[in-house]
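Everything below concerns the one structure shown next.
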Amino acid sequence: MVRQANPPDFRRSELTGPLYRVIAARLRHKILSGELAVGDVVPSEQELCREHGVSRMTARQAVTELVNQGLLRREQGRGTFVTERKLVRGLSSVSGLREDLEREGLHPGGKVLSLERRRATRDEATRLHLSRASDVWRLVRSRTADEVVLGLQIAVLPVHLAPDLDTWDLDHGSLYRELRARGLPLTWARQRIEAVVDPEVSDQLELPAETAYLRVSRISLGPERLPVELLVSYFVGSSYAYDVELTE
């Protein structure tokens, strides 16, 4: 089970708008926080109607949204059950985690664990097309969804592309949105995905040392194929998956 980052405060992640989305958000929070475990039966549509004072159609829409997101599964004649709690991301576009979570109706969070300005290593300078005398930012952040730990991300960016990075709100804002606002949209990326166990990462996330991660190493380019970011993400394997569409 994935550790809950903080005591739940659903008010921060509850959605406004259509009632079915509010109900879906409440159920999603219970699933991701572990209040509803894998295999548990969720309240029936009739029970959701009584609890929230909504129509059967509204309750069905809420459940269907979570079925479509892979968090619930319906079994004819038995009920609706919690499936594995995984965030599923595609591999067809260069996108930031915060924006992906928001699209899924989840409340993104996390914390800057460290931000330092230092001289680029030989490997960083080569991959980012920098001189060895160039400075880079090294940003380490924990990442959460609806208060549940997803993993750790380590980003390295050239200082000359984001000289004021240390003034950005990186706890609550989107790094990629800020880059786009400064004329540096990420347009291309190459990444490698591996399964690893890393006790140092687990220590920073306060998770068991044997926790398994998906390590995603990525280099992202901006306009005119300009290298902008080196990113290494460690996503908790039990809560994270990638979806890939293949064609002939």
Side-chain angles (χ1 to χ4, degrees), residues 87 89-103 108-145 149-205 211 213-237 240 242 244:
L87 169 68
R89 298 179 76 188
L91 288 173
S92 59
S93 63
V94 185
S95 58
L97 180 60
R98 172 173 287 273
E99 292 159 309
D100 286 349
L101 293 174
E102 290 172 346
R103 277 193 294 270
K111 181 180 180 182
V112 173
L113 301 180
S114 67
L115 175 63
E116 63 173 326
R117 175 175 176 162
R118 59 162 171 75
R119 190 67 53 87
T121 66
R122 184 183 300 276
D123 178 66
E124 291 166 351
T126 299
R127 299 178 68 196
L128 292 170
H129 298 181
L130 303 172
S131 72
R132 283 299 306 278
S134 298
D135 281 356
V136 294
W137 293 111
R138 184 178 186 271
L139 168 66
V140 181
R141 291 186 290 175
S142 62
R143 310 308 300 271
T144 65
V149 174
L150 284 181
L152 184 81
Q153 291 189 310
I154 305 168
V156 176
L157 303 93
V159 167
H160 74 272
L161 295 181
D164 59 343
L165 183 67
D166 55 344
T167 68
W168 300 4
D169 182 5
L170 298 171
D171 280 328
H172 306 100
S174 165
L175 175 64
Y176 286 8
R177 283 194 189 115
E178 291 289 347
L179 289 172
R180 283 197 298 272
R182 289 161 171 76
L184 288 171
L186 302 184
T187 58
W188 182 93
R190 182 188 300 278
Q191 62 186 22
R192 179 173 180 171
I193 304 173
E194 303 170 281
V196 301
V197 173
D198 193 316
E200 291 186 9
V201 170
S202 296
D203 183 60
Q204 293 187 75
L205 294 175
T211 299
Y213 300 95
L214 288 178
R215 181 174 65 196
V216 185
S217 304
R218 180 161 87 180
I219 180 169
S220 299
L221 309 185
E224 300 182 1
R225 308 286 281 188
L226 174 71
V228 174
E229 179 195 47
L230 297 176
L231 178 67
V232 180
S233 303
Y234 293 86
F235 294 118
V236 178
Y240 205 87
Y242 276 99
V244 185

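Computed from a predicted model, the values in this text were never measured in an experiment.
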Steps toward side-chain contact (heavy atoms from CB on, under 4.5 Å) verdict (W137, E116): CA-CA 6 Å; W137 293 111; E116 63 173 326; over 6 Å; no
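Contacts of R127 classified as side chain to side chain donor-acceptor pair (under 3.5 Å), with partners at least two apart in sequence or in another chain: none. Residues that satisfy the side-chain contact (heavy atoms from CB on, under 4.5 Å) test with E200, not counting sequence neighbours, are D198. With sequence neighbours excluded, the residues forming a salt bridge (charged side-chain N to carboxylate O under 4.0 Å, His left out) with R215 are E194, listed by chain and number. The side chain to side chain donor-acceptor pair (under 3.5 Å) check on T121 picks up E124, with sequence neighbours excluded. F235 is linked by a ring-ring contact (aromatic ring centres under 6.0 Å, His included) to Y240, counting only residues two or more places apart in sequence or in another chain. With sequence neighbours left out, E99 forms a side chain to side chain donor-acceptor pair (under 3.5 Å) with R180. Evaluation of the side chain to side chain donor-acceptor pair (under 3.5 Å) rule for S134 yields S131 as partners, not counting sequence neighbours.
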Got a list of side-chain donor-acceptor pairs under 3.5 Å for residues 149-167, not counting sequence neighbours?
residue	atom	partner	partner atom	Å
Q153	OE1	R143	NH1	2.4
Q153	NE2	S233	OG	2.9
D164	OD1	W168	NE1	3.2
T167	OG1	D164	O	2.7

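Counting only distance, with no hydrogens or angles, the side chain of T187 and the backbone of G222 share a donor-acceptor pair below 3.5 Å. Counting only distance, with no hydrogens or angles, the side chain of S220 and the backbone of V228 share no donor-acceptor pair below 3.5 Å. The closest donor-acceptor contact from the side chain of R141 to the backbone of L170 lies under 3.5 Å.
Side-chain contact between V136 and L130: present, with at least one pair of heavy atoms (C-beta onward) separated by less than 4.5 Å. Side-chain atoms of Q204 and L113, non-hydrogen and from C-beta on, do get closer than 4.5 Å to each other. At a threshold of 4.5 Å between non-hydrogen side-chain atoms, the residues V236 and T211 count as touching. Side-chain contact check for R177 versus R98: some heavy-atom pair is nearer than 4.5 Å. Residues R190 and R218 fail the side-chain proximity criterion, which asks for heavy atoms closer than 4.5 Å. Contact annotation: the side chain of V112 approaches that of L139 to within less than 4.5 Å [non-hydrogen atoms, C-beta and beyond]. With contacts defined as side-chain heavy-atom distances shorter than 4.5 Å, the pair E229/L175 qualifies.
A donor atom on one side chain and an acceptor atom on the other are not found under 3.5 Å apart for S202 and Y234.
Here salt bridge (Lys or Arg N to Asp or Glu O under 4.0 Å) pairs that include residues 153-162, with residues two or more places apart or in two chains, number zero.
A pairwise comparison of heavy atoms in L101 and A145 identifies CD2-CB, 3.9 Å as the closest pair. The nearest pair of heavy atoms linking R132 to A120 is NE-O, 3.6 Å. Considering every non-hydrogen atom in both S142 and L205, the closest pair reads CB-CD2, 3.8 Å. Here the shortest heavy-atom pairing between G183 and P223 reads O-CG, 3.8 Å.
D123 CG to L128 CG: the interatomic distance, rounded to the nearest 0.5 Å, is 8.5 Å. Summarising the geometry, atom CG belonging to L179 is positioned 6.0 Å from atom CG belonging to L186; distances are rounded to the nearest 0.5 Å.
D135 and R119 are joined by a salt bridge, as a carboxylate oxygen and a charged side-chain nitrogen come within less than 4.0 angstrom of each other.
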